Amino acid sequence: MILEVLVYPHKLLRESSKDVVHFDAQLHALLDDMYETMVIKEGIGLAAIQVAVPLNVLVINLVDEEGVQKRETLYEIINPVILEKDGSTIYQEGCLSVPGYYDEIERAEHIKIAYYDRHGNRCEAEFTDLMSIAVQHEMDHLKGRLFIEKLSYLKRKKFEKEWKKKQKAR
Ligand code: QAP
Ligand code: CO
C-alpha cells in the first residue's frame with residue numbers, strides 16, 4: 001500500500017519516535033508499505049514518522065552504479081543506536097518531506113550502529129559514504145529533526161522564503 005508522505009512544515013515531522021516492542025505482522029506490513037512508498041516516490045530512504053507512524057523504523061535502498069534500485073540491497077533498520085562515529089563529509093542532501101530542495105550538509109563520514117531487523121534479531125553494521133549519510137539523515141527523522149535545520153541561519157532564511165513562495169504557487 002502506498003502511504004502519504006508528510007511534507008514540511010507538518011508538525012508530526014518534529015515528533016520523537018518510540019522504539020518498536022513487537023516484531024509482528026503489523027511491523028512487517030509497515031516496512032513493506034514504507035518500501036513501496038519510498039520506491040514509488042523515487043526516494044532512497046524513508047523514516048516511519050514521514051508516513052505519520054512515530055516508531056524507530058527506517059528503510060534505506062541506495063541505487064547501484066547503473067542507477068538501479070535493487071531490493072536485495074534494502075536495509076530495514078529498527079531501533080538504531082549509534083555506537084561510533086568519526087570523520088566528516090559533505091553531501092548535497094534532499095528529503096521526500098522537503099521535495100525539490102537540496103543543500104550541502106556536513107555529517108560523520110563513518111558510523112557504527114546497532115539495530116534490529118524485522119524479526120527482532122540484533123545486528124551491528126558499519127557504514128561509510130552515501131549509506132552512512134543516509135542512515136544519519138534517517139536517524140535524525142526519528143528525533144524529529146530535518147536536514148534543513150542544519151543549514152546556516154542565512155541559508156535557512158532563504159529556504160523559508162523560497163518555500164513560502166512555492167506553497168503560494170501551488
Ligand atoms: C535521504 O532522501 C538521503 O526533493 C533520503 O523531489 C538524502 O530519498 C539519503 C527525493 C541524501 C542520502 C543522501 C527528494 C525525491 C528523495 C526530492 C531521499 C524529490 C524527490 C530524497
Ligand atoms: Co528525509
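Not measured: the values here are computed from a predicted model. When reading the values below, keep in mind they use all heavy atoms of this one structure, side chains included, and skip hydrogens, waters and symmetry mates. Both counts, for ligands and for their atoms, begin at 1 and track the order of listing.
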One finds that the ligand 1 atoms under 4.0 Å from a non-hydrogen atom of Leu130 are 12 (C), 13 (C)
Are Lys164 and Glu160 within salt-bridge range, i.e. N to O under 4.0 Å? no
Would you mind telling me if ligand 1 is within reach of the side chain of Phe147, the backbone, both or neither, using heavy atoms under 4.0 Å? neither
How many protein N, O or S atoms sit closer than 2.8 Å to the Co ion (ligand 2)? 3
Working to the nearest 0.5 angstrom, can you tell me the gap between Leu55 CG and Gln26 CD? 8.5 Å
Under 4.0 Å to a heavy atom of Tyr102 - the qualifying atoms of ligand 1, by number: 4 (O), 6 (O), 14 (C), 17 (C), 19 (C)
For the pair Arg118 and Asp32, find out whether any cationic side-chain nitrogen is under 4.0 Å from an anionic carboxylate oxygen. yes
Please could you name the atoms of ligand 1 that Leu96 approaches to less than 4.0 Å, counting only its heavy atoms? 10 (C), 15 (C), 16 (C), 21 (C)
Proximal ligand 1 atoms for Ala134, defined as those under 4.0 Å from one of its heavy atoms: 9 (C), 12 (C)
Atoms of ligand 1, numbered as shown, that sit under 4.0 Å from any heavy atom of Gly100: 4 (O), 6 (O), 17 (C)
Should Glu93 and Arg107 count as an ion pair when the cut-off is N to O under 4.0 Å? yes
Distance-only polar pair, side chains of Tyr101 and Asp103, donor-acceptor under 3.5 Å: yes
For atom 7 (C) of ligand 1, closest protein heavy-atom neighbour: Gly94 O, 3.3 Å
Within ligand 1, which atoms have a heavy atom of Gly43 less than 4.0 Å away? 8 (O), 16 (C)
Flag for Tyr75-Asn61: side-chain donor and acceptor within less than 3.5 Å: no
Any side-chain donor paired with an acceptor under 3.5 Å for Asn79 and Asn56? no
For ligand 1, which atoms have a heavy atom of Glu42 less than 4.0 angstrom away? 15 (C), 16 (C)
Hey, which atoms in ligand 1 end up nearer than 4.0 Å to a heavy atom of Glu93? 11 (C)
Charged N to carboxylate O under 4.0 angstrom, Lys150 versus Asp140? yes
To which protein heavy atom is atom 5 (C) of ligand 1 closest, and what is the distance rounded to 0.1 Å? Glu138 OE2, 3.5 Å
Going by side chain to side chain contact (heavy atoms under 4.5 Å, CB included), Met139 matches just one of Val81, Leu58, Ile77. Which one? Leu58
Cut-off 3.5 Å, side chains only: do Ser88 and Glu106 have a donor facing an acceptor? yes
Atom 8 (O) of ligand 1 has as its nearest protein heavy atom Ile44 N, 2.8 Å
In this structure, is the centre-to-centre distance between the rings of Tyr8 and Phe147 below 6.0 Å? no
Is the side chain of Glu109 donor-acceptor paired with the backbone N or O of Thr89 at a distance under 3.5 Å, no angle test? no
